[in-house]
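Beneath this line is the structure, given in structure tokens, with notes to follow.
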Amino acid sequence: MKIIYTDVLVIGGGLAGLRTAIGAKRRGHDAIILSLVPPKRSHSAAAQGGMQASLANSAKGDGDNEDVHFEDTVRGSDWGADQDVVRMFVNTAPKAIRELANWGVPWNRVRRGDHDVIINGKKVTLTEEDDSHGMITARDFGGTKKWRTCYVSDGTGHSMLYNMSDQAIARNIPVHERVEAVRLIHDGARCCGAVVRNLITGELISYIARATCLATGGFGRIYRSTTNAVINEGMGAAIALETGAAALGNMEAVQFHPTAIFPAGILVTEGCRGDGGLLLDADQHRFMPDYEPEKRELASRDVVSRRMEEHIAKGKAVQTRFGRHLWLDIRLLGRAHIEKNLREVNEICRYFLGIDPAEELIPVRPAQHYSMGGVRTDHTGQSPTLKGLFACGEAACWDMHGFNRLGGNSVAETVVAGMIVGEYIADFCDSPESEITISTAVARGFWEEERTHIDGLLSGGGDESSVAILAEMQNVMTDKVGIFRDGETLAQAVDELTELRKRARNIGVKTQSLGANPELVAAYRVRRMLKLAICVAYGALQRTESRGAHFRNDFSERNDRDWLKRTLATWPDNDSTLPDLDYEALDIMRMELPPGSRGYGGADHINHPDSAKRQAEVDSIRSNADNEDRFAAQAAILPFDHLLPKILRGRNARPGEPVQ
Amino acid sequence: MNNPRQLKINILRYNPQLPDNKPRMQQYEIDEAENMTLFIVLNELREQQDPSLQFDFVCRAGICGSCAMLVNGQPGLACRTLTTSLDSEITLAPLPVFELIADLSVNTGKWMRTMSERMEAWIHGDEEERDIRQMEAPMDPDEADAIYELERCIECGCCVAACGTARMRDDFVGAVAINKLARFRLDPRDKRTDQDFYELIGTDEGVFGCMSLLACNDFCPKELPLQTQIAFLRRKMLKSGLQRRD
């Protein structure tokens, strides 16, 4: 068994993983990044529309600050988010944007003078101040009160990922490409690395590290219809689950994006609607204002996706031989705007649909897009139940998105979490806590277990096909654990997934190659994906309320009285058919924004008795506070500065709000 | 689709990991479907006919650069190539120049990392980074747009695979590297001078190695202005070279 030693093992080479490794390296710790693919191919590159940060440079961002971003994010989460973490996030996002500006991202900039834009279907002229000229600009996105989404055309994630990856190269951080972590090495209480399979040679190597960080992204590929890249199979979350010690949080919280092109499922950015695009039905009627008079096309994603499916169910969709869809109309934005600010959308329409979006309508239907759930961590990114295991980005649930993430908050989270968790990992490595006392025999145990697992697949002679099982799982998830859920269907889904898991024990692999062998990879991954799928379906079945993206026809209200809590799934015994579910209550008495109405989405909610009590407390602190100083009242209600690493503390300068 | 075409797909098969494996062409047949891309074709072949088939896809949306291969002899992104744009007999081969992993899968990542290290392809900013608590430095909006124009490269390797010079000398940096340095040269945040860039690229392995065949420009899936950038940088580097002689 070959062993590679390092201080910090980062699993995943997307934005979150790269930034974490840079943070640890900057503090003098060696870091190795593992990646399934060359890091610049990571799914971070697919983030098109932009990154939220309250810079307030542009006219429509005037008056924006951390407080507004905080409230938008908490409402967006349907009060499922951890408000401490949201505060840490909104305070770090402007720093992240500015760091990326230092590192080369060519953020689009404010131009002085008059500009015609489309708002609510009408042409409006905005005037930008002379003073703002050349500062980082922002566009509108769903669920936000201000134009806060900073962007680089519609290649924001690409630009961020390339410059971040170049920084990792500049800092000489090794990336071991085309490898896959298949087991975490641990003793039930302390994680100290991973068993890793080389996807070219098939070699299994043990990496031993003082800190291990999962930054492996989401698990969208458990669904048939998803915008996710083909590598987003959730293997990071799955190997954490297989430790039996680490927990996965809120796995039932799965986001569906309103505008995936139909039927290929490729994303077109929310920026289309942010910049003024409209949703139309089969009669080319703009239907969103009928449902959401206030926010229209720019309500949060969970709400827009539900309204679209509701409208389709009413028979208002376009019928095709592949199924039903609606239209996205960006013709009114004009060719010049599309070719400059929506050029990826333009290319996708040209290549995949053979249409010109400046002249024609784009067929769209909601598809799985984002995993709010993931490896449960505290605000430092560490698992509370498996020391030495960290997680950040989409793979983690620390938990800033609750039950629905706002557009533009995910690339923002990747970098912000990387900055914060990278520092905390460095602190951990600086402390005696990080010493490893686990014997290499423990690593050998996991290494041999995996060797046996793979040999068994190759020589077991099973007669089930991983391709068939994968497809059946994806169908169950899309058809039964989708946008609209109910108890009966979810129970069926859990049963069917359980049955698939039994069949998956008998998967056979025909291609007898230990090295590059896609059939073998599919076989061991589908077994792990099935566990994640069961966590999602079973968590959704147990949660008898509707919150954010989790909507139950049979329990259509948000129920703060009984369900203001986070689901924690663990799977201590591989032979058991279901995970253990546990619940962690959210403490309303600590909230800065106690639960209330979101202002969109229409649904009612059942109050928790503490909500009114806390609201009265918050109101009284605010009424006693100095109105001139927004920071004082905030600090009295929810102090958070001490939760941030020292170098990330402090205020953010913006127009009219200088920092000494 | 009424009367779908039957497609014949010829694939260059070779897995250097397997001891007795020899390169060979293998033909598959598949019924064409509506909106069928080579991504769909290859996945269907692997799922239904040959589970050992190797290829790379990640985003399947034309943005990540993983799936570049030779389609009927020409480099391109397989994921966004519609079969309707091709004859019913289609030949697929791995990109040349790059290390072969197996079948259609090549190691572009390793090549690109080596190139980035050699070319120091990252922003070389001020010694002291600007304080991130303070407002960002302003930048001319047109300048930001112009940088993004060159930053759209997805490191897919098509320009290198199409390059006559790269086929003859394996130390040639390729249009991808020249475009990258042009991007950093344009960026006011990068403090390097033309003399610094000359050190990196003012050589036969660099910008003077280009024979101006310019297939890079013809086959770039992102339609980057590679021809202009090579010509521009060559002129600037020539000037720097002459200045050094003085």
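Labels below follow one simple rule: chain letters A, B, ... track the order of the sequence lines, proteins then strands, and each chain is numbered from 1.
Ranked by non-hydrogen atom pairs under 4.5 Å with chain B, the options A/Ile261, A/Asn172, A/Ile169, A/Leu648 are led by A/Ile169. Contact tally against chain B (heavy-atom pairs below 4.5 Å) for A/Leu161, A/Asn232, A/Leu55, A/Asn163: the top residue is A/Asn163.
Heavy-atom distances place the backbone of B/Ala137, and not its side chain, under 4.5 Å from chain A. Contact annotation for B/Glu223: only side-chain heavy atoms (C-beta onward) come within less than 4.5 Å of a heavy atom of chain A. Only the side chain of B/Asn15 comes within contact range of chain A, with at least one heavy atom under 4.5 Å from a heavy atom of that chain. Within the 4.5 angstrom heavy-atom criterion, only side-chain atoms of A/Val467, from C-beta onward, approach chain B. Proximity to chain A is absent for every atom of B/Thr81, based on heavy atoms less than 4.5 angstrom apart. In this structure, chain A has heavy atoms under 4.5 Å from both the backbone and the side chain of B/Glu47. Contacts between A/Ala96 and chain B at a heavy-atom distance below 4.5 Å are absent for every atom of the residue. A/Val659 touches chain B through backbone and side chain together, each having a heavy atom under 4.5 Å away. With a 4.5 angstrom heavy-atom cutoff, B/Phe55 does not touch chain A via any of its atoms. With a threshold of 4.5 angstrom between heavy atoms, A/Ile200 approaches chain B through its backbone and through its side chain. Proximity to chain A involves both the backbone and the side chain of B/Arg130, based on heavy atoms less than 4.5 angstrom apart. Contacts of B/Asp142 with chain A are made by both backbone and side-chain atoms, with heavy-atom separations under 4.5 Å. Neither the backbone nor the side chain of A/Pro658 comes within contact range of chain B; no heavy atom of the residue lies under 4.5 Å from a heavy atom of that chain. At a 4.5 Å heavy-atom cutoff, B/Leu77 makes no contact with chain A through either its backbone or its side chain. Neither the backbone nor the side chain of A/Gln512 comes within contact range of chain B; no heavy atoms are under 4.5 Å apart. The parts of B/Ala61 that come within reach of chain A are both its backbone and its side chain, each placing non-hydrogen atoms under 4.5 angstrom from that chain. For A/Arg41, the parts lying under 4.5 angstrom from a heavy atom of chain B are both the backbone and the side chain.
Judged by the 6.0 Å distance and 45° axis criteria, A/Arg171 is positioned over the aromatic ring of A/Trp103.
Ring planes of A/Phe262 and A/His325: tilted class, angle from 30 to 60°.
Among residues two or more places apart in sequence or in another chain, the salt bridge (charged side-chain N to carboxylate O under 4.0 Å, His left out) test is passed with A/Glu347 by B/Arg80, B/Arg152, B/Lys222.
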Stepwise, does the salt bridge (charged side-chain N to carboxylate O under 4.0 Å, His left out) test hold for B/Glu149 with A/Arg343?
CA-CA 11 Å; B/Glu149 203 58 39; A/Arg343 50 196 300 175; 2.9 Å; yes

Evaluate salt bridge (charged side-chain N to carboxylate O under 4.0 Å, His left out) for A/Glu128 paired with A/Arg109, printing each intermediate quantity in order.
CA-CA 11 Å; A/Glu128 298 290 356; A/Arg109 302 287 171 144; over 6 Å; no

Could you walk me through whether A/Ser132 and A/Asn57 pass the side chain to side chain donor-acceptor pair (under 3.5 Å) check?
CA-CA 6 Å; A/Ser132 308; A/Asn57 287 325; 5.9 Å; no

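Remark: B/Gln17 CD is packed, more than 12 non-hydrogen atoms of other residues, nucleotides or ligands lying under 6.0 Å away.
Under the 4.0 Å criterion applied to side-chain N and carboxylate O atoms, B/Arg113 and B/Glu117 are assigned as salt-bridge partners. Taking the charged nitrogens against the carboxylate oxygens, A/Asp641 and A/Arg649 have no contact shorter than 4.0 Å, which rules out a salt bridge.
Among B/Pro16, B/Ser105, B/Pro23, the single residue meeting the side-chain contact (heavy atoms from CB on, under 4.5 Å) criterion with B/Leu100 is B/Pro16.
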